[in-house]
Protein chains: 2
Amino acid sequence: MPSPDSAPNRNTRQRRAIRDAFVTADRPLNPNEVLELAAAGHEGIGIATVYRNIKNLVEEGWLTTVELPGESARYELAGKAHHHHFHCKQCGKVYELSGCLSGFKAMAPEGFEVTGHEVLLYGVCRSCGEAR
Amino acid sequence: MPSPDSAPNRNTRQRRAIRDAFVTADRPLNPNEVLELAAAGHEGIGIATVYRNIKNLVEEGWLTTVELPGESARYELAGKAHHHHFHCKQCGKVYELSGCLSGFKAMAPEGFEVTGHEVLLYGVCRSCGEAR
DNA sequence: CTGCGTGCAAATGCTTTGCAAAGAC
DNA sequence: GTCTTTGCAAAGCATTTGCACGCAG
């Protein structure tokens, strides 16, 4: 065992399909969405494989976890600029927002050190709004 | 069935214990914390009963749900003013904040209707910061 | 008394894991 | 050929539900 880390990480058909799903979708996906997207073009792919690869890609730093209150975890491509998300109450999809607000540190009481924040907007996305 | 709603809602020892737990703790609790707190002074109480009563109290409007990313749902007394939460990375406790920011609507793209938002601050709370 | 509420255990849904077989290199 | 990855099915957890008994009203 030379280097302590360095996962071999073979380039299988399934792993390729999963990565493609994220690149193509370009929005946070949960394991189930990944399964559907990855299984779409290709033949069958197991849900366990999806979970294993996602965990793997997160450890590699290729994906980051997006946790929304009350939802199961989703994942998106890592390396994007600081951003937050919009959750459509109608279709359930999650979109990425750009930009952010400042002044969060002022919300905490004295003596509390703020090291990060999370913002989530709820509402109706454009396609759902137009459809109504 | 005269009135369509109006749950009879009997005042049992267990329900009293659960309500006490929330009043005493005065911070968001998850079902497991409720179980421990409610079971503390009194004799045994079932986890199923905790879940059933929490769901009940939420429907009644006595509790509201507090969903934190990556955590199981917590609940707190309803009727408080609009506020957000602070999650201490050290001790894991969740605190209530007062105040809020404005300008969230501007974060969404055109065509997206924003009906609500959620803010969560992460960091180190006062007691953990002092202890260091 | 009359039923609602409780407790237990079984059911459920999502995620993880064990193991033998298939595939990457 | 060797060693990782897959697929299936079983195991784990947290939460929910069915059912018979117990307690509140």
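Values reported hereafter were calculated over all heavy atoms of this structure, with side chains retained and with hydrogens, waters and symmetry mates removed. Per chain, numbering begins at 1; letters A, B, ... match sequence-line order.
As a whole-Å value, the separation of Glu36(B) CD from dA14(D) P is 12 Å. Atom CZ in Arg16(B) sits roughly 13 Å away from atom C1' in dG5(C) (whole-Å rounding). Rounded to a whole Å, the CZ atom of Arg19(B) is 12 Å from the P atom of dG5(C). Rounded to whole Å, the distance from CG on Asn56(A) to P on dT6(D) is 8 Å. To the nearest angstrom, P of dA22(C) lies 18 Å from CD1 of Ile45(A). In this structure, Leu35(B) places its CG atom 13 Å from P of dT6(C), rounding to the nearest Å. Atom CD1 of Ile54(A) and atom P of dT5(D) are 16 Å apart (whole Å). Atom CG of Asn53(A) is separated from atom P of dT4(D) by 15 Å (rounded to the nearest Å).
Note on Asn32(B): nothing from the nucleic acid sits closer than 4.0 angstrom, heavy atoms only. Here Ile47(B) lies out of heavy-atom contact (under 4.0 Å) with every strand.
For dA24(C), the OP1/OP2 oxygens have no side-chain nitrogen or oxygen of Thr12(A) closer than 4.0 Å. Distances shown here put every side-chain N or O of Gln14(A) at or beyond 4.0 Å from the OP1 or OP2 atom of dG23(C). For Asn11(A), no side-chain nitrogen or oxygen approaches OP1 or OP2 of dG23(C) to under 4.0 Å.
Within the 3.5 Å criterion, the main-chain N or O of Val94(B) finds no donor-acceptor partner in the side chain of His87(B). With hydrogens and angles disregarded, a donor-acceptor distance shorter than 3.5 Å links the side chain of Arg126(A) to the backbone of Glu110(B).
Between the side chains of His83(A) and Glu76(A), a donor-acceptor pair is found at a separation under 3.5 Å.
Of the listed nucleotides (dT16(C), dG7(D), dA9(C)), dA9(C) has the atom at the smallest distance from the side chain of Ala48(B). When each of dT6(D), dG3(C), dC8(C) is scored by its nearest atom to the side-chain atoms of Arg10(B), the top-ranked nucleotide is dG3(C). If you check dT16(C), dC19(D), dT6(D) against the side chain of Arg52(B), the one that comes closest is dC19(D). Side chain of Arg13(A), nearest nucleotide from dC23(D), dG7(D), dT6(C): dG7(D).
Side chains of Leu57(B) and Tyr75(B) form no contact here, defined as non-hydrogen atoms less than 4.5 Å apart.
Ion pairing between a basic and an acidic side chain is recognised when a charged N comes within 4.0 Å of a carboxylate O; Lys89(A) and Glu113(B) show no such pairing.
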